[in-house]
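One structure is given here, and the rest of the page talks about it.
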Amino acid sequence: MTNYLMNTWYQAGFADEIAVGDKLARTICEIPLLFYRRSDGCLTALVDRCPHRFAPLSAGKVDGDTIFCGYHGLGFGADGKCNHNPHGPIVSALAVRSFPVAERHTIIWVWLGDPEKADAALIPDLSYIDETPPQARTCGYMPTAANYQLLSDNILDLSHADYLHPDTLGGINTTAKSNSRLEGDTVVVDWLAENCDPPQAFRATIHGANRADIWTQVVWQAPALMTLGVAAVPAKQPRKWEDEGYTLHNMVPETRALLPWQRAS
Amino acid sequence: MTNYLMNTWYQAGFADEIAVGDKLARTICEIPLLFYRRSDGCLTALVDRCPHRFAPLSAGKVDGDTIFCGYHGLGFGADGKCNHNPHGPIVSALAVRSFPVAERHTIIWVWLGDPEKADAALIPDLSYIDETPPQARTCGYMPTAANYQLLSDNILDLSHADYLHPDTLGGINTTAKSNSRLEGDTVVVDWLAENCDPPQAFRATIHGANRADIWTQVVWQAPALMTLGVAAVPAKQPRKWEDEGYTLHNMVPETRALLPWQRAS
Amino acid sequence: MTNYLMNTWYQAGFADEIAVGDKLARTICEIPLLFYRRSDGCLTALVDRCPHRFAPLSAGKVDGDTIFCGYHGLGFGADGKCNHNPHGPIVSALAVRSFPVAERHTIIWVWLGDPEKADAALIPDLSYIDETPPQARTCGYMPTAANYQLLSDNILDLSHADYLHPDTLGGINTTAKSNSRLEGDTVVVDWLAENCDPPQAFRATIHGANRADIWTQVVWQAPALMTLGVAAVPAKQPRKWEDEGYTLHNMVPETRALLPWQRAS
């Protein structure tokens, strides 16, 4: 197994993807996972593999607070222990690992490491999501056949926009005032392009002004949660909070993927 | 190479697939094999790789009792020894391994292990096939991208039908009287569901009766030959031989495939 | 990495594929390579991976004598050293390996081994290409999902035509007078089929004659450059130079591919 950061909260999905009685299969850090929502509205996260004959539990059925395997009908509760065996006694080996799971900021979080260390206070503060009216938010998935760390690599240096996206977003960051700093466990990088020729993507925002002050910011938290802030205003005008937009890029490793320097030659 | 059982008979095909002068390529236990039928009606089984420049012999031509390689024309007889070399002398290295092969119960069998131990008496007794009129038999292949042992795993426990096939075959075996036993080298499992509500698939057989006695049986022989017997009769009626139907599931490993517990995490 | 012959010239393409300012990406011996033509008309060959964040340089832009990475804009000159860094100082680690490259006989050649040993005099003499008028030449690529050595194996023994191509080229070489010899580092094999029934492919050449004298020759140079000569004349007529045709088969290994005897079993 690759070296994944285990004592951390990973995003498994969005809270509204699982209604009561629904289930969701995910693979995170090469671990197959089953999520389902119990009748009390809380989520359960289990290893997605029946300990009997190894079928994926996610191919089974949720009934009440139990997931029933679709192969031979064994049932497992929120603690991962078998609570129903149609074929014989319930022995202690009939159990799957259960993981701490939480819901916050519209996101489902799962803790794959030492359960003793699973502290909901360690969930990153993304309260800007909650403060945004639902009709002003959008979310989705971007499955990517590459090592997840390459995406942090990409976003942490927004000067790439000048070279990869010259006709839309680029042209301002290589020459902008830039500042990088460590704030606790967080990496923060700011760019401020003052009195610049606004790239195409910002022109609607500044209502036809010819020159703009454009602020961009990346906040990185381990292993790969990034918040990208941006605000464009006509040059020399003050930046107000309603000018700011935030995008969360929350990279989650599913399976192993090599980094470029791990390849041959 | 995976640990395959070698001193055993594997099914390579059906006898009627190869007429005199025909050939057939198969891979069993990762060994590429060529089968062809000689002019005396008997079969030859050879490693399917010319010892000269390693082309598959199965891409060549059968002429009389010889397979001629399609690359440079070398010929090999039933013993695997070269009997024709258009380019020079026939040296002893010009030979491929030959395997014991037999035909019984409409099936072609090949022995990949120690040829000294290849005893046709070890071919499983499937005389129920011969006793069945041809028009009452059917056969075919089911290529499966999974470890062949998982199929034994599946069939040995027919209670899975209650969960995987609830609308057709299921509903009777989890609660049936069941008996498992070892008979010599054979594993036998019986189920008897008495006075049961007949599953959909059995209703035509019992001519509209509301309750049925349904007997099912699995006989397993190493490495993965299984005979599945079934008989459904109206409840409390005696079971006669003509009520019984038999299905042979003869799993043959072609190439390696991992079992679920051999995967990561 | 497989054992490739490194101190040798490999063909990377055809000279007319890269005009001034153009670029070409190739993988040879598992090494990703970028070729581009500078303003002085000469070619540069570099490892196709930016040392900054490992993007392929071939996805960037050539401007003058510099290749600019398309990810963050770093520029590299013909010696592989960074000559432009929009983000900070140019440190010595900002460099990629540069390879000796040459153009001769319409072909681009690259030397991947010890640069001290890169001697243009070691480029095989293919002056028959230059002596042929352009309108009488043709060239192209044949991407092949197999170990490149198997192609030498194929061409070195033209008797295969009798078995693989019996209706077009075959029927004469197994029985022809044949001679194999080592001339310095070159392997030469000749076949002369005298007074033979001409195979289909030669009939137009001999203008309807019923019998022909057909000469074929293979010249092999390490690692896998082969020149195939052929001349067909009506039987007993002298062979003149204008009867001869030559085909270069220049096999270049891109990535590793197993040979048949390196596979399982």
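Letters go in sequence order (proteins before strands), and every chain restarts at 1.
Proximity to chain C is limited to the side chain of B:His87, based on heavy atoms less than 4.5 angstrom apart.
By a heavy-atom distance cut of under 4.5 Å, C:Asp157, C:Ser159, C:His160, C:Tyr163, C:Leu164, C:Thr174 are the residues of residues 157-195 of chain C near chain B, going up by number.
Two residues are said to be in side-chain contact when any heavy atoms from C-beta on lie closer than 4.5 Å; B:Tyr71 and C:Asn154 meet this criterion.
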